[in-house]
Amino acid sequence: MRKKIGFLAGGLFLVGIPMLIKNPYHLHLLIVIGIYGILTMGFLMQLRVGLISMGVAVFWGIGAYTSALLTTRLGFSFWLACPLAGVVTALIAFSIGIIIVRSGGISFLIMTLALNFILVQVLGTTYVGLFGGWGGITGIPRPVLLIPFFGSLEFLSKTSYYYLILLLLFLTVIVFYTIYHSRIGRAFDTIGETPTLSASIGIDVFRYRLMAFVVATFFSGLAGSFYAHYQCFLVPEAFDFWKSIYLQIYSILGGVSYPILGSIVGSAIAVIAPEFLRIAGMMEPIFYGILILVVAIFLPGGIVGFLHFSRQGRMYSQLGKRMKALFISFK
Amino acid sequence: MFLQLLINGMVLASVYVLVASGFSLVLGVTRILNFAHPEFYMLGAFTFYAISGLLKLNWILGLVISSLAMGVFGGMCYWFIFRPLYGAFLRTLAASIGIGLITIQGTIVVFGEKDRIMTPFFPGSIHIAAATISVEKLMLCVFALFSMLGLGLFLKTKVGRAMYAVAEDQDAAALQGINVRRIFLIAVALGCAMAAVAGSMVAPMFSVNSHMGGAVFIMAILTTILSGHGSMKGAVMIGSIIGLAESFGYYFLGSANLILIFFIALVIIYFKPFGLFGRAHQIITER
Amino acid sequence: MALLEVRNLSKNFGGLAAISYLSFDVFEGEILGLIGPNGAGKTTLFNVITGFFTPNQGKIFFEGKDISHFKPHQVAQRRVGRTFQLSTLCMRSTVFENVFAGFHLNYKTNFLKAFLRFPSACKEEEALRERAMEILDFMGIAYLRDELARNLPHGHQRTLGVCIALATHPKLLLLDEPMTGMNPEETEIMVGLVKKIRDSGVTIVIVEHDMRAVMKLCDRIMVLSFGQKIAEGIPREIRENQEVIEAYLGKEEMVFRVSRS
């Protein structure tokens, strides 16, 4: 019960934010957090079933380009293009997934890594008429909302985009939450921890892994579509493998065991921290790197894990143990 | 023309081979995915630049110092950062990215954003039939060759064989009295030193800038994946092939050459996920 | 018709024949013991039957249906349960959660109903929770329900493995060395439990090295050596079988002599 009230309160707060924050740059940051949050949640869902995806950005990119093409070439409206982009991404993921999910852990990791490179090259050099080559696609239309009696509302202000990404985020959170707390979620957990046992109790490991993969990529596709219509232009390099790697880092910052909260918190830290560190000027990336190092080494549960456990005081003893291990080097 | 392409390919190959074998060595022996590896290449280049370019000391000295320095730095990274994180794949990855970020920005802070150009130590070029190669680049190839031969010899020594043992089966190696942690340390230091050598040799040829690691990184990873982590011979062969493929491919296909390479790579990976010369190892353990 | 029929089963790994032309039956309601020296192929046999390995030759029939090339989850769906020698538990979950995981196949209400919290779904969830406690109670580890699996001593982990297998409501249960690491008292208790499981309607095949337990527990025993069946029969026959004694290099002779039926 407490959780539900928490969710509701959090949700209401998020809805009310644009009334507090008017600065468009700040809203932009929040929007970016929203996008990364969705992508990271996708990554963590795959991680939960034992799939370490190095290619989170790939399906994000596929979604973005699909949506961009649907609107610029075929004149679809955003409201049609967005879900379609998600579906197309999921379908592509499904067909690739049938091959790579089956092969298992390491193979999956390497292939998703390779997918990054391939996507960037394909988008940059093939079908230049279609994909726009390295220059990408420009002039992607903003979403236009047709309200029956008032006329149309074009998404010009950050506030409207904010609500849109919030909607997508809520959607993703609700779906993911439902899945995680259902029989499917339980199967996911078991598969992630012990695939052998899962098989012996009747869980079709491959099917559930593929399911996680497709669900995660569907939402990545949606996020991609949003990104395309927010930024209004796309370049292939935006989806390179560094993006994928950084998304993984965001999830670690938040805490890998907290698939929903961790993703959002991690993305938030990743986006906001550089803003605070900006005062350091040139040293900013250095501090950012140090932040990553510190969290990776000292906070195995991520920030959320740290906060969660520090209430019970457990983390502090962990911290102490880690410092000892680090500096008392022997053998 | 063919010869020129071949030579260009060999130059690329030499760099890829050196960087990739370092990365592959670390991966194979310690199972650590060190995404900061190309930064050691870059740092090696900068150190070399600092010693031989700015201080104008002998290039041999510069090479030695830069590889030693990177070896030590790599060792320290292992000891303080990777060792406590051992077994936690994602966190090691994140930590290596953190290291990468710090080093890249560190060099920008210290040396500034501009490319640094060094005067070549071996001026002039050689002509072979219709092709030309600058002596500098030739030295790179020669060096790469000698380095790999040296590595091969090293791997036959007691320490080297211990590395094989650890790469094969850590627990068995430990039971045989091999100090696994020390081997890890040596492997990491060695891998980083090799990257530094590559960086140092490349420094006089092209410019030195903080982002030079990125360009080699993709090819180095690809080489490691295709050849199988831990396989030095594989790294040499695949690295050479990739270098050549890039060179020839560029001539025939323009920028589409990379797609072809990646696509072929994907096919190979599907059939042989552990690389053409690799063995089935687990590099990922539970978090 | 036997519950499980194995015909001419062979499994090779590279050049090594782990199982050679093995044929046997398991009859409903019995406890079949599977013994043999290490490396005889017992665990391999379990792995083949439960679909983790595919046989090179031969067939396996369960309840008359050919399951030779079934995948593990398909075999489990036909209600064949098993335990493992090495720990394959959800280490990060509690004992209760582990057993509950085993109910995966037993959910009758559909996903949508569960999501919307239909009363039938809630009732089923409640019923399953009760059943989980029943199983834990049955095996005697109910008091550990909130303990993390990784904190359990080895013997209890094994017992938990059996609980999870029981949660799948199997018709045939394959137990792989459930008594390893147990002292004589614990073994005694386990023997009683296995009998109780059989009495509740489950056919059992058990691999064990503890000869006394095997002799006490099993209706019939099959002996494997180097992947082949060298003896099959009631415990008394096996005890006196010369080949069997030789296969164990006389090491177990003392145990054979000491144990009574």
Side-chain angles (χ1 to χ4, degrees), chain A residues 47 50 52 54 99-100 103-111 113-122 124-126 133-134 192-193 240-242 245-246 248-249 251-253 256-257 281-300 322 325-327 329 331, chain B residues 33 35-36 79-85 88-106 108-109 113 179-182 214 217-218 221-222 225-226 253-263 265-266 268-270 272-275 280-284 286-287:
Chain A
L47 191 67
I52 301 186
M54 304 297 243
I99 305 175
I100 63 179
S103 340
I106 283 264
S107 168
F108 180 80
L109 183 140
I110 294 179
M111 302 243 243
L113 184 63
L115 278 177
N116 279 295
F117 302 137
I118 293 180
L119 183 77
V120 173
Q121 289 300 317
V122 166
T125 57
T126 60
W134 295 108
E193 278 204 66
D240 70 349
F241 91 109
W242 286 112
I245 305 271
Y246 277 116
Q248 291 187 349
I249 295 187
S251 68
I252 294 173
L253 285 178
V256 183
S257 326
M282 271 221 295
M283 302 280 283
E284 182 255 314
I286 295 187
F287 285 122
Y288 192 60
I290 295 180
L291 174 69
I292 296 177
L293 267 180
V294 165
V295 174
I297 299 179
F298 294 108
L299 303 178
R322 286 214 177 275
L326 208 76
F327 290 108
S329 0
K331 291 223 190 84
Chain B
L33 257 183
F35 272 24
W79 194 253
F80 288 113
I81 299 176
F82 294 124
R83 192 176 46 102
L85 283 181
F89 176 73
L90 278 177
R91 289 161 62 203
T92 338
L93 194 69
S96 69
I97 302 279
I99 297 175
L101 271 179
I102 297 178
T103 44
I104 294 182
Q105 195 63 20
I108 293 182
V109 167
E113 291 257 19
N179 186 335
V180 174
R181 280 211 199 130
R182 204 155 58 97
F217 187 46
I218 297 181
I221 282 211
L222 205 63
I225 293 175
L226 288 178
L253 297 170
S255 352
N257 62 348
L258 289 177
I259 292 195
L260 191 63
I261 296 181
F262 290 140
F263 193 71
L266 193 68
I268 296 180
I269 291 171
Y270 176 65
K272 285 209 157 264
F274 297 105
H281 284 308
Q282 265 294 99
I283 54 172
I284 299 165
E286 287 301 319
R287 184 178 51 87

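Heavy atoms only: backbone and side chains are in, while hydrogens, waters and symmetry mates are out. In the text below, chain A, chain B and the rest are named by the order of the sequence lines, each starting its count at 1.
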Seminar exercise, completed: If one checks every heavy atom of A:Leu253 against chain B at 4.5 Å, the contacting part turns out to be neither

Problem set entry | Point-to-point distance, once rounded to the nearest 0.5 Å, from CZ of A:Phe241 to CZ of B:Phe217 | 4.5 Å

Exercise. Relative to chain B, which segment of A:Ile290 carries a heavy atom at a distance below 4.5 Å: side chain, backbone, both, or neither?
Worked result: both

Exercise. What's the spacing between B:Ile97 CD1 and A:Ile252 CD1 if we round to 0.5 Å?
Worked result: 9.0 Å

Exercise. Could you give the distance from CG (B:Leu101) to CD1 (A:Ile292), rounded to the nearest 0.5 Å?
Worked result: 5.0 Å

Seminar exercise, completed: So CD1 of B:Ile218 and CG of A:Asp240: to nearest 0.5 Å the spacing works out to 7.5 Å

Problem set entry | Option from B:Ile104, B:Ile108, B:Val109 for which side-chain contact (heavy atoms from CB on, under 4.5 Å) with A:Ile286 holds | B:Val109

Exercise. What pair of heavy atoms forms the shortest contact from A:Ala296 to B:Arg91, and how long is it?
Worked result: O-NE, 2.9 Å

Exercise. Roughly how far, to the nearest 0.5 Å, is the CG atom of A:Leu293 from the CD1 atom of B:Ile99?
Worked result: 5.5 Å

Exercise. If you measure from CD1 on A:Ile297 to CG on B:Leu85, what distance do you get to the nearest 0.5 Å?
Worked result: 5.5 Å

